[in-house]
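We're numbering straight along the sequence, starting at 1. The basis for the numbers below is simple: all heavy atoms, side chains too, and nothing from hydrogens, waters or symmetry mates.
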Amino acid sequence: MLDQSSATRLSPPALSRAGLGWGFLGVTAFSFTVIFTRVALGGLSPLFIGAGRAVVAAALAAAALALTRQPLPQGVQWIRLVVVAAGVVAGFPLLTSYALTTVPATHGAVVVALLPAATAVAAVLRCRERPPLAFWTAAGLGAVGAVAFAMLHGGGMGQLGWPDLLLFGAVVAAAVGYAEGGLLARELGAWQTVSWALVVAAPMMAALTAAAVADRPPHAGAVEWAAFGYLAAVSMFLGFFAWYRGLAIGPIAQVSQVQLVQPVLTIGWAALLLHEDVTWVTVCGGAAVIACAAFAVRMRRSPTANAEPGT
């Protein structure tokens, strides 16, 4: 897993079961993120959860980079790492932590179901591809479906709440971070990209963690700390090892679709572990968003849009 060469095999000729297996393992790890964020909020502030988990993950990443003697990124790669860090290290964790203080995990899972299609849109824009009209249609329908679902859960159309806006912001942040990180992984390696992004974000996240402790000292029990530990070690670090390894084995276009099962898993975990009610609105909303996202991801590349970025 620490072999950079394995991270740069980006376009195998056939679908690999190993790629799907690693991808599903990563998605399974991520599917608990919303659940354990809700658990950790029982004794920890959202700022401490969102920033503190990144600090712990950065310490693990720095150790891995030092032990394997990875070369330093060069030139503009540092700026691109800032983009990745802003999206997946800072933006997504902080925004979801604050949103989940007032909405259930199932609600967050369905809104975040838009992430695969949003990532595809970000990748299309970043790579200058020319997808067919069907791609943009499916992506637009998915966005409308997710917004409609959020409004209905907020008490009716026209009552989109601030937690929903935070969740949509988290989706955009993660999508941009995934797209830029996917491209950068071709140069630095998959796990190395995530690790360097964590290191880049460490000073700011450490400052935010200190501010969170000063404002509201943690008063959590063993369960809340265990949930926080999972978010730091798995959701922010180890889960990306499996996820990006799966994408590296590829093919990326097919393995990335495994992420569509993440909201389904999260809703199931919420019902099992948090005893949250799974209503028909949740089920139907989730099915509609997932269907649109699935079609958008399948249609994200046209037959003539296979050029590398910048060609």
Side-chain angles (χ1 to χ4, degrees), residues 22-58 60-61 84-85 87-116 118-119 163 166-175 177-178 181 194 197-198 201 205 220 223-244 246 256 258-274 276 282 286 289-290 293:
W22 282 108
F24 183 75
L25 180 60
V27 165
T28 301
F30 296 149
S31 70
F32 286 97
T33 299
V34 172
I35 304 298
F36 287 127
T37 299
R38 285 282 294 176
V39 173
L41 284 168
L44 302 171
S45 71
L47 180 58
F48 181 87
I49 294 171
R53 74 197 225 189
V55 173
V56 176
L60 297 174
V84 176
V88 301
V89 179
F92 187 84
L94 288 170
L95 291 172
T96 53
S97 294
Y98 277 101
L100 290 170
T101 59
T102 56
V103 298
T106 51
H107 182 89
V110 174
V111 177
V112 175
L114 193 59
L115 182 54
T119 302
L166 293 179
L167 287 170
F168 286 124
V171 168
V172 173
Y178 281 170
V194 175
L198 286 164
M205 303 309 278
V223 174
E224 288 82 7
W225 281 118
F228 176 81
Y230 183 94
L231 294 172
V234 180
S235 294
M236 287 293 294
F237 191 54
L238 296 178
F240 280 100
F241 279 41
W243 176 240
Y244 282 119
S256 65
V258 176
Q259 193 179 26
L260 295 170
V261 306
Q262 182 173 330
V264 179
L265 291 174
T266 298
I267 291 172
W269 301 139
L272 181 64
L273 300 177
L274 302 181
E276 292 185 359
T282 300
V289 173
I290 291 170

TODO: With sequence neighbours left out, write down each residue that passes side chain to side chain contact (heavy atoms under 4.5 Å, CB included) with Ala270, or none if nothing qualifies.
DONE: Ile35, Ala105, Thr106, Glu276
TODO: List the atom of Leu273, the atom of Phe32, and the distance in Å for their closest heavy-atom pair.
DONE: CD1-CE2, 4.1 Å
Open item on the list: Measuring from atom OH of Tyr98 to atom CG of Leu47, what distance do you get when rounded to the nearest 0.5 angstrom?
Closed with: 4.0 Å
- [ ] For Ser31, check side-chain hydrogen bond (donor to acceptor under 3.5 Å, both in side chains) against everything at least two apart and list the hits.
- [x] Trp269
TODO: Please name the pair of heavy atoms, one in Glu224 and one in Ala220, separated by the smallest distance, quoted to 0.1 Å.
DONE: CB-CB, 3.5 Å
TODO: Of all the heavy-atom pairs spanning Thr96 and Ala170, show the shortest one and how long it is.
DONE: CG2-CB, 3.7 Å
Task: Residue pair Gly239 / Ala29: nearest heavy atoms and the distance that separates them - done: CA-CB, 4.1 Å
Task: Rounded distance (nearest 0.5 Å) linking atom OG1 of Thr266 with atom CG of Leu274 - done: 10.5 Å
Open item on the list: Does any part of the side chain of Leu231, heavy atoms only, come nearer than 4.5 Å to the side chain of Met236, both counted from C-beta?
Closed with: no
TODO: Identify, with sequence neighbours excluded, every residue that meets side chain to side chain contact (heavy atoms under 4.5 Å, CB included) alongside Ala173.
DONE: none
Task: Atom pair OH (Tyr178) and CZ (Phe240), whose distance is rounded to the nearest 0.5 Å - done: 4.5 Å
Open item on the list: Quick one, Trp22 with Phe241, criterion side-chain contact (heavy atoms from CB on, under 4.5 Å). Give me CA distance, side-chain angles, the key distance, then yes/no.
Closed with: CA-CA 9 Å; Trp22 282 108; Phe241 279 41; over 6 Å; no
Open item on the list: Testing the basics here: between Ser97 and Arg53, what is the closest heavy-atom pair and its distance to 0.1 Å?
Closed with: OG-NH1, 4.4 Å
TODO: Name all residues meeting the side chain to side chain contact (heavy atoms under 4.5 Å, CB included) criterion together with Ala118; count only those two or more places apart in sequence or in a different chain, and write none if there are none.
DONE: Val171, Ala175
Open item on the list: Run the side chain to side chain contact (heavy atoms under 4.5 Å, CB included) test against Leu60 and tell me which residues pass, sequence neighbours left out.
Closed with: Ala233, Phe237
Open item on the list: Testing the basics here: between Leu198 and Ala61, what is the closest heavy-atom pair and its distance to 0.1 Å?
Closed with: CD1-CB, 3.9 Å
Considering only distance and modelled atom types, tabulate donor-acceptor pairs under 3.5 Å from the side chains of residues 36-43, sequence neighbours left out.
from  : atom 1 : to     : atom 2 : distance (Å)
Thr37 : OG1    : Thr33  : O      : 2.7
Arg38 : NH1    : Leu100 : O      : 2.7
Arg38 : NH1    : Val103 : O      : 3.1

